[in-house]
Amino acid sequence: MLILVVNCGSSSVKYQARDTSLPEAEQVLAKGLIENIGTKIPSHTEALAIMAEDLKEPLHGREIQAIGHRVVQGGDIFTEPVLIDDEVLQKIDDLSPLAPLHNPAHVLGIKAATETYPGVPQVAVFDNAFHSTMPEHVYRYAVPEEFYEKYGVRRYGFHGTSHDYVTGIAAEFLGIEREKFNAVVAHLGNGASTTAVAHGKCLDTSMGYTPLAGLVMGTRSGDIDPSVLTSLMMRNPELTAERMDQILNKESGLLAIAGDNDMRAVVNAMKDGNERAKLALDMTTYRLAKYIGGYHVAVGGMQALIFTAGIGENSSEFRALTIERLGALGITLDSEANLVRGDDPRIISTEDSAIPVLVIPTNEELAIAQATEVIVASA
Ligand code: AMP
């Protein structure tokens, strides 16, 4: 099936055209990124028209058969990918207060895709759907009931498509039935989250009501005592809620501590003896190791620890620093295997490590295309 995978942001559209009838490594027929929507390019409709034009040559005039959209927030309504109709589109729009930067852009993208490709079925694949199996005692916050009932204040989790995808690959790679597979997945990109997988499903994940919670990230603080916000805002009237939101999302994390949000630069600075970079790495790896240890207990003993995404797949230094902190679990790193680079799933722990550690490249576009095909084929 010729499937167009799109990720519509407020000012950009990222896309891939994939032919799912081909072997996975050959599926991508074209891909691209269109930026400056709202400035140079007036709207999502114009952006998708440019995309459709760019796709003509690589697709040799073949018709797109289905479109898969990455949608960040499905609330507790969408627990699986779904065929988009007017009602679904309205619900995605209604969920905008929970993802004000993302869902409105997805709605514009879906409407634009309907104009550009009339009659082509469209599927929404939700970033938090994989986390819908979290039990209530895990997803609830201990706050007044009204917050939950009226505002949907609970933990949702994100990066679900990636956590789900690498969990499936890892179980297959290790020859364990997915339903019997317990693992901890560390998706470490510019945004980062870790997930506790029990019996192949999400039991817990480090992101929460928004993607700000959990690990120390490129520019996000991760977990923080909420009193820091209220106390600072009460003492500094000029510190508005909007400004605080910006500081915690865009000016914190590695950037705040080490002065750079790119892990390569932070690792290099640490190697050059930069104390701030060392502190940033100590903070990020300590926080991650703390989550991994907690989740190991939560899942009743993980059968694998999985690293994925930009940092997880590429930074042998970051992985080594994290695994050093997991000695108490009997996890030991094979330093040579850790240095090997490649696309395939691979084990980077020693043979006598109590728990295998895997590096598995994530592929959210492939996962979205697969989900889209299943939904469209069964519709
Ligand atoms: P992602 O959001 O998954 O695309 O990951 C982006 C992040 O991965 C960047 O901010 C980098 O910090 C990190 N990254 C990518 N390549 C490397 C590398 N070779 N070594 C360390 N970090 C890397």
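Counting starts at 1 for both ligands and their atoms, in listed order.
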Exercise for review: Anything under 30° is parallel, anything over 60° is perpendicular, the rest tilted; go ahead and classify H163 against H187.
Suggested key: tilted

Please answer whether the main-chain N or O of N182 pairs with a side-chain N or O of Q303 as donor and acceptor at a distance below 3.5 Å.
yes

To atom 7 (C) of ligand 1, the nearest of N190, T308, T362 on a heavy-atom basis is N190

Looking only at protein heavy atoms, what sits closest to atom 13 (C) of ligand 1 is I311 CG1, 3.5 Å

Within 4.0 Å of some non-hydrogen atom of G189, the atoms of ligand 1 are 1 (P), 2 (O), 3 (O), 5 (O)

To atom 3 (O) of ligand 1, the nearest of G310, G218, G312 on a heavy-atom basis is G310

For atom 17 (C) of ligand 1, the closest protein heavy atom turns out to be N314 CB, 3.5 Å

So the atoms of ligand 1 within less than 4.0 Å of a heavy atom of D262 turn out to be 11 (C), 12 (O)

Atom CD of E87: over 12 foreign heavy atoms under 6.0 Å
no

Checklist entry - Does OH in Y148 sit with more than 12 non-hydrogen atoms of other residues, nucleotides or ligands closer than 6.0 Å? => result yes

The closest protein heavy-atom partner of atom 10 (O) of ligand 1 is N261 O, 3.9 Å

Among E364, M263, H159, E313, closest by heavy atom to atom 22 (N) of ligand 1 is M263

- Could you tell me whether the side chain of N103 and the main chain of Q73 form a donor-acceptor pair under 3.5 Å? yes

Counting from 1 in the order shown, the ligand 1 atoms closer than 4.0 Å to a non-hydrogen atom of A309 are 3 (O)

task: Inspect the surroundings of CD in E145 and state if more than 12 heavy atoms from other residues, nucleotides or ligands are less than 6.0 Å away.
output: yes

*Could you check whether the rings of H102 and H106 sit parallel, tilted or perpendicular, using 30° and 60° as the cut-offs?*
parallel

Atom 20 (N) of ligand 1 sits nearest the protein heavy atom R264 CG, 3.3 Å

